[in-house]
Amino acid sequence: MSELLIRGRVLTFIDEPEGIDDTASYLTVDDGAVLVRDGKIAAVGDYAEISKTAGPGVAVADHRPHLILPGLIDTHLHFPQTQAIASYGAQLLEWLNTYIFVEEQKFAEPEHAAFIAGRFMDELLSNGTTTAVAYCSVHPQSVDAYFSAAEQRGMLMVGGKVMMDRNAPDALRDTPQKGYDETKRLIGKWHGRGRAHYAISPRFAITSTPEQMEMSQALVAEHRDCYVQTHLSENKDEIAFATSLYPDAKDYTDIYARYDLLTDKTLLGHCIYLSDREISVLAETGAVGVFCPTSNLFLGSGLFDRDRFDRLGARWSVATDVGAGTSFSMLETMDEAYKVLHLQGQRLSPLNSFYRMTLGNARALGLQDRIGSLHGGADADIVVLDSSGKSAMELRMRTAKSLVEELFILQTMGDDRCVAEIYVAGKAMKKRKASVSARTLETA
């Protein structure tokens with residue numbers, strides 16, 4: 001049995017905060033500890049009390065005065081676009097054709113796919129993200145590379161091969177039957193293996209024929225425990241193109257509804273230009289709209305209307321959407337989310353931001369029992385955040401008087417330099433700034 005006692009200022013959410021003063025929605029312990037036993041959280045609370053339950057000679061990772069939180073969660077990004085981030089000057093459809101489809105053809109080479117998959121996972125970890133939901137390329141070997149890299153690091157990851165059989169270069173197109181067969185095989189190989197979860201991934205309506213959508217429908221019916229991921233209403237030209245290809249559909253959302261692709265395990269990237277009817281369909285089916293602020297701003301796509309989602313009872317999550325998204329950092333992503341909502345007269349409190357990055361996104365995935373909060377029995381995916389990780393932040397923190405103010409500083413000014421350490425299933429992955437020792441409790 002292996003044990004580790006992680007000491008610092010513990011913060012974990014219990015529920016979604018109803019306001020800036022909702023202290024009942026989270027647990028905080030100034031001199032707290034998380035006891036990790038064999039990759040799981042065994043206990044959380046005051047250090048003096050938790051240390052009594054640890055075994056003799058337990059290793060102590062002393063991160064005081066830093067914050068200890070659940071590992072951050074990203075619900076939508078594209079691992080083959082890792083080297084295409086910061087590609088200049090185009091909106092969605094032109095950007096796909098000019099940069100992305102060119103980049104994704106490289107993933108036919110297993111060596112390239114393996115190299116980028118490793119770098120991709122390490123970028124996530126360096127930014128405090130322990131779980132993400134990602135698209136692979138059309139090539140099965142890209143999926144193998146993705147899940148292999150996650151498995152080597154012990155990460156809980158969701159992903160899948162994109163299915164697309166039209167409106168893409170020949171080298172990136174499968175067929176309805178090939179997309180079905182390859183996805184079926186990959187589900188059998190990876191879904192439920194270790195911490196891997198598969199996502200059936202028709203890229204979006206523009207790149208899938210009705211025949212491929214039918215094959216996606218069959219896969220979803222056959223694998224109810226798999227996720228579904230696709231894109232919806234990101235860009236006005238995209239909406240016009242998609243609906244022209246499916247003229248019998250009531251609207252863009254109805255295309256997916258007609259093929260039974262909207263379930264409580266469906267993640268729909270962007271969802272910017274939805275009507276009330278469409279949002280109500282998401283609410284009825286439990287499908288999740290994914291807010292991708294840095295991507296939406298970078299491609300000039302538009303502004304996500306969170307208040308309408310809340311008013312109509314639809315679920316939503318937050319994501320980086322690398323490579324249209326401009327950062328792997330969920331902190332920087334929430335900074336932009338704050339601004340996107342502020343432009344529309346909507347508030348995003350620091351408490352709600354950190355809830356969304358942790359328990360909120362875990363709930364969107366239905367994985368709140370395993371990740372997203374620090375509770376007994378959860379997987380020990382943990383991030384340690386240094387609120388003075390940059391010199392300007394250290395100066396600003398001298399005037400901070402509350403946890404809420406500190407969280408807003410982290411959200412507004414933070415990036416990977418604020419990630420002091422990250423643990424995946426209890427294993428330290430970054431080893432930067434942490435004072436980790438194998439001393440006994442008696443000498444701690």
One pair to check against salt bridge (Lys or Arg N to Asp or Glu O under 4.0 Å): Arg363 and Glu16. What are the steps and the verdict? CA-CA 10 Å; Arg363 285 176 167 176; Glu16 182 171 8; 5.7 Å; no

Measure the acute angle between the ring planes of Tyr227 and His197, then classify it against the limits of 30° and 60° as parallel, tilted or perpendicular. perpendicular

Among Phe328, Phe147, Phe120, the one residue meeting ring-ring contact (aromatic ring centres under 6.0 Å, His included) with Phe79: Phe120

Give a yes or no on whether a salt bridge exists between Glu214 and Arg258, defined as a side-chain N under 4.0 angstrom from a carboxylate O. no

Please enumerate all residues that pass side chain to side chain contact (heavy atoms under 4.5 Å, CB included) together with Phe298, with sequence neighbours excluded. Trp95, Thr326

Find out whether the Lys NZ or Arg CZ of Arg356 is both under 6.0 angstrom from the six-membered ring centre of Trp316 and within 45° of the ring's axis. yes

Are any of the side-chain heavy atoms of Glu278 and Tyr273 separated by less than 4.5 Å? no

Looking at Arg311, I want to see if its CZ is surrounded by more than 12 non-hydrogen atoms of other residues, nucleotides or ligands under 6.0 Å. yes

Could you tell me whether the side chain of Val60 reaches within less than 4.5 Å of the side chain of Leu4, counting heavy atoms only? no

NZ/Lys40: more than 12 non-hydrogen atoms of other groups inside 6.0 Å: yes

Residues 129-136 side chain polar contacts: donor-acceptor under 3.5 Å, at least two apart:
residue : atom : partner : partner atom : Å
Thr131  : OG1  : Leu156  : O            : 2.9
Tyr135  : OH   : Thr230  : N            : 2.9
Tyr135  : OH   : Thr230  : O            : 3.1

Salt bridge or not between Asp122 and Arg153? Use side-chain N to carboxylate O under 4.0 Å. yes

As a test of understanding, state which of Leu72, Ile371, Leu374 forms a side-chain contact (heavy atoms from CB on, under 4.5 Å) with Asp381. Ile371

Heavy-atom count check: over 12 atoms from other residues, nucleotides or ligands less than 6.0 Å from Arg277 CZ? yes

NZ (Lys250) with more than 12 external heavy atoms under 6.0 Å: no

